[in-house]
Number of protein chains: 2
Amino acid sequence: MEGSAPRRTRIQQEKRELILEAALEVFSTNGFRGSTIDQIAEAAGMSKPNLLYYFRRKEDIHETLMERLLATWLAPLRELDDIGDPLTELRSYIRRKLEMARDFPRESRLFANEILQGAPRIMPLLEGELKTLVDEKAAVIKGWMRAGKIARTDPWHLIFSIWATTQHYSDFDVQVRAVLGPNRGGDGRFEDAARFLEQLFIDGLKPKN
Amino acid sequence: MEGSAPRRTRIQQEKRELILEAALEVFSTNGFRGSTIDQIAEAAGMSKPNLLYYFRRKEDIHETLMERLLATWLAPLRELDDIGDPLTELRSYIRRKLEMARDFPRESRLFANEILQGAPRIMPLLEGELKTLVDEKAAVIKGWMRAGKIARTDPWHLIFSIWATTQHYSDFDVQVRAVLGPNRGGDGRFEDAARFLEQLFIDGLKPKN
DNA sequence: GCAAATTTTGACCGATTGGACAAACGTTAG
DNA sequence: CTAACGTTTGTCCAATCGGTCAAAATTTGC
């Protein structure tokens, strides 16, 4: 484990932030191999050698981006808590996930790109941290089912389907907008999606009888 | 419109097939820009100039692959028909979609890669053929709702969520397997998913009262 | 069996890529 | 003011990229 973070000047902090912002834009639309250092440098408004002064390798930028991403990306699931009404908890989890798809589509696409290509850089995290977290939350959900608070299903696949449906609105956004057309595909599409997903998941999970 | 397909010898047909198969493998895991002609040539067991004898440009391979893909990819939705019981129709649509995710994961990933990067090569198809088809099927579903055969929801978002949940098992397969672990993540995962999705969509769509 | 057509190959090209490097430039503390 | 340190730039490099081309090898039609 790397211990202390390297000491950084004010300029270094600012420029590194600038580069990461630019890299997020470029990586999320072109993938890792599809993106060039020149593109990122131009998007960040600096020369390539200048960029390489702050990040020695292209991979370092991607890695830094990935580490930050995962923390914020899993935050909503971490908040899913045993205290409070189960259906309310699930409802707000879905809502938060959909809000992230709306507000941070680039982060979602960056993640999707990585997974699509076999997760070469974050496989250990998936099998470790992510699996642990999901197993833990699946146990919470299972508890709700045993207590008769929500209908019985597979908690893991329930979580997968929440991920899939919400992230669909960022990862496949162009398709969604193309199919919905100019009218229904406008800014209101996220509210329509929210209503639909609430009905699908929450109504579907209400305990039977 | 290009009219007649070019006349081709037996060798040309076979080798073109070989190249397309190899390209599907390479493109689906590395994306378009992330894949090189050399990789495809090696996977097809031939030299780069030899490959370029059959497809003059890298884009031509990708384009051919894409055209074929879309036809088979939309086949299940095309089969969704007004005749027959609505719930049965939807159930078998979901089942077919999940089977495709299981049996043709590379095709799904190729498509996902294209959409993720803004669908630069197939945008007209999305706004044209795909939108027309979805609108048509959404009307069918809407008819079922008006007739009280299934519960009322937004048909477009219903289709989106079926796409999202089924394709999740091919596009995000590594993540699914990592989270489920060796036991639950084995070959049985598709049957578990099928059971879960049936419950989520079919039970959820049964008409109220 | 042979000539024409098709297929395969090796050598090559210009452009782009990730990255190195030293020199020039700017900033700041004393 | 100036020396030390941090920042920026132009130039350069080897590797890889997509693609060309002429010549060699092979297949095909008769």
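In what follows, every chain begins at residue 1, and chains take the letters A, B, ... in the order their sequences are listed.
Ring geometry for B:Phe111 versus B:Trp73: interplanar angle of 30 to 60°, hence tilted. In this pair, B:Phe32 and B:His62 present their aromatic rings perpendicular. The plane angle is above 60°, beyond the 30 to 60° band. A:Phe160 and A:Trp163 have tilted rings, their planes meeting at an angle from 30° to 60° on a 0 to 90° scale.
Picking from C:dT7, D:dT20, D:dT7 the nucleotide with the shortest atom distance to the side chain of A:Tyr54 gives D:dT7. Of the candidate nucleotides D:dT9, C:dT17, C:dT7, C:dT7 has the atom lying nearest to any side-chain atom of B:Tyr53. Out of D:dG19, C:dT8, D:dT11, the shortest distance to the side chain of B:Lys58 is found at D:dG19. Out of C:dA11, D:dG10, D:dG19, the shortest distance to the side chain of B:Leu52 is found at D:dG19.
Listed in residue order, the members of residues 19-28 of chain A having a heavy atom less than 4.0 Å from DNA chain D come to none. Residues from residues 35-48 of chain B with heavy atoms under 4.0 angstrom of DNA chain D, sorted by number: B:Ser35, B:Thr36, B:Ile37, B:Lys48.
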Under the 3.5 Å Watson-Crick or G-U criterion, the dot-bracket string of DNA chain C, with | for inter-strand pairs: ||||||||||||||||||||||||||||||

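Side chains of B:Trp144 and B:Leu90 form a contact here, defined as non-hydrogen atoms less than 4.5 Å apart.
No more than 12 heavy atoms of other residues, nucleotides or ligands sit less than 6.0 Å from atom CD of B:Glu129. More than 12 non-hydrogen atoms from other residues, nucleotides or ligands lie less than 6.0 angstrom from CZ of B:Phe190.
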